[in-house]
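Just so we're clear, the structure is a prediction, and the values are computed from it rather than from any experiment.
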Protein chains: 2
Amino acid sequence: METFGDIIRTAREGKGLFLRQVAAELDIDQAIISKFERTERKPTKEQVLKFAKFYKIDKGELLVAWLSDRVAYELMTEKDHERILIVAEEKIKYLKSKRTPEQV
Amino acid sequence: METFGDIIRTAREGKGLFLRQVAAELDIDQAIISKFERTERKPTKEQVLKFAKFYKIDKGELLVAWLSDRVAYELMTEKDHERILIVAEEKIKYLKSKRTPEQV
DNA sequence: TTAGTTTTGACAAATTTCGTCAAATCTAAT
DNA sequence: ATTAGATTTGACGAAATTTGTCAAAACTAA
């Protein structure tokens, strides 16, 4: 169960890079990357894709980690999170079925 | 599978009230309530609780509808929504287990 | 200590969300 | 067809949240 931050920190360490170097490469302030790695700030989708490309991490995998982080932090303090997720799942299926192919 | 909007619209109609009346009672602009009912805008948690109290709807139920709406709209356009929710669930359990009783 | 890396925190900039309002639209009755 | 009343729409500024920048503080390993 890795957070987005865990993944990009592990990837950076695996490549033996400093924050400074990644920051220069991705044109993102190193302070922000430090915060991403410690789950203190949430990246934008664009930034997630930058990381995926740079570290050669599967895009889909990284997006799953990122979005699940977002949902988790959104529901962390709520009761009934299990039911909320079940109902959300139904709603998503319904909403997706209503969308036109162009939107998919 | 009712949205928050469905629920409060049904409740209002059940009581035979006009938007204007609910708006006056809850001190929320009627245009906004109209948008809530059609899921065009998302209410704040405070507003959700106002509706629950006014319509005598179970607070927990209404919060589940509201939060699941939020999650659903957040993931509606994403692939792998099923996996995202599964991973989110694990993360929530983990995060909750780490919190102190005071935070619960 | 020192040199290099990471983390922290304060601040401004940018974006998103929110509330207000009036006009437009819709509906039902006469 | 007109009117009265209800709902919806859209534009706008205000408020709140998120984001980026920077420098200083805190770490770490020699």
Side-chain angles (χ1 to χ4, degrees), chain A residues 2-55 62-63 65-78, chain B residues 2-55 62-63 65-78:
Chain A
E2 276 181 305
T3 64
F4 170 82
D6 292 338
I7 294 173
I8 62 170
R9 167 147 295 184
T10 300
R12 179 170 65 83
E13 290 174 346
K15 294 205 171 194
L17 296 173
F18 298 126
L19 286 174
R20 168 171 40 82
Q21 300 174 288
V22 180
E25 200 66 40
L26 302 187
D27 195 33
I28 301 174
D29 191 281
Q30 75 167 33
I32 293 182
I33 299 179
S34 169
K35 284 167 188 171
F36 289 161
E37 290 187 350
R38 288 169 298 103
T39 318
E40 195 187 309
R41 278 215 191 170
K42 301 173 202 167
T44 65
K45 188 172 192 172
E46 235 180 40
Q47 289 168 328
V48 172
L49 297 177
K50 274 192 183 182
F51 281 105
K53 187 171 183 183
F54 179 65
Y55 288 130
L62 205 55
L63 286 170
W66 168 62
L67 286 163
S68 59
D69 278 358
R70 293 178 60 102
V71 172
Y73 279 88
E74 192 172 352
L75 301 186
M76 184 169 67
T77 61
E78 302 293 339
Chain B
E2 276 180 307
T3 63
F4 170 82
D6 292 337
I7 294 173
I8 64 169
R9 167 148 295 184
T10 300
R12 179 170 65 84
E13 290 174 345
K15 293 205 171 192
L17 297 174
F18 299 125
L19 285 174
R20 168 172 38 84
Q21 302 175 288
V22 179
E25 201 65 41
L26 302 188
D27 194 34
I28 302 175
D29 190 282
Q30 76 167 34
I32 293 182
I33 298 178
S34 169
K35 285 167 188 170
F36 289 161
E37 290 187 349
R38 288 169 298 100
T39 318
E40 196 187 308
R41 277 215 192 172
K42 301 172 201 168
T44 64
K45 188 171 192 173
E46 235 181 41
Q47 288 168 330
V48 172
L49 297 178
K50 273 191 181 182
F51 281 104
K53 187 171 182 183
F54 179 66
Y55 288 130
L62 205 55
L63 286 171
W66 168 62
L67 286 163
S68 59
D69 278 358
R70 293 178 61 103
V71 172
Y73 279 87
E74 191 173 351
L75 301 186
M76 182 170 68
T77 62
E78 303 292 339

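Between the CD1 atom of A:Ile32 and the P atom of C:dC11 there is a distance of 18 Å, given to the nearest Å. Distance A:Arg41 CZ to C:dG9 C1': 10 Å, rounded to the nearest Å. Between the NZ atom of A:Lys45 and the P atom of D:dT19 there is a distance of 15 Å, given to the nearest Å. The CG atom of B:Asp29 sits 14 Å away from the C1' atom of D:dA14 (whole-angstrom rounding). One can place CD1 of A:Ile33 at 11 Å from P of D:dT21, the figure rounded to the nearest angstrom.
Residue B:Gln47 is classed as a sugar-phosphate contact, given heavy-atom separations below 4.0 Å to backbone atoms only.
With a 4.5 Å cut-off on side-chain heavy atoms, A:Thr10 and A:Glu2 count as touching. A:Ile7 is not listed as a side-chain neighbour of A:Tyr55, based on a closest heavy-atom distance of 4.5 Å or more. Under the 4.5 Å side-chain criterion, counting only non-hydrogen atoms from C-beta, A:Leu19 is not in contact with A:Val22. When side chains are defined from C-beta on, B:Leu62 counts as touching B:Phe4, because their heavy atoms get closer than 4.5 Å.
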Each nucleotide N or O in nucleotides 5-8 of chain D that has a protein N or O under 3.5 Å away: list the pair and distance.
| residue | atom | partner | partner atom | Å |
| --- | --- | --- | --- | --- |
| D:dA6 | OP1 | B:Arg20 | NH2 | 2.7 |
| D:dA6 | OP2 | B:Arg20 | NH2 | 2.4 |
| D:dT7 | OP1 | B:Arg12 | NH1 | 2.8 |
| D:dT7 | OP2 | B:Leu19 | N | 2.8 |
| D:dT8 | OP1 | B:Arg9 | NH1 | 3.2 |
| D:dT8 | OP1 | B:Arg9 | NH2 | 3.4 |
| D:dT8 | OP2 | B:Arg9 | NH2 | 2.8 |
| D:dT8 | OP2 | B:Ser34 | OG | 2.8 |

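Surrounding CD of B:Gln21 are more than 12 heavy atoms belonging to other residues, nucleotides or ligands, all under 6.0 Å away.
Atom CD1 of residue A:Ile33 and atom CD of residue A:Gln47 lie 8.5 Å apart, to the nearest 0.5 angstrom.
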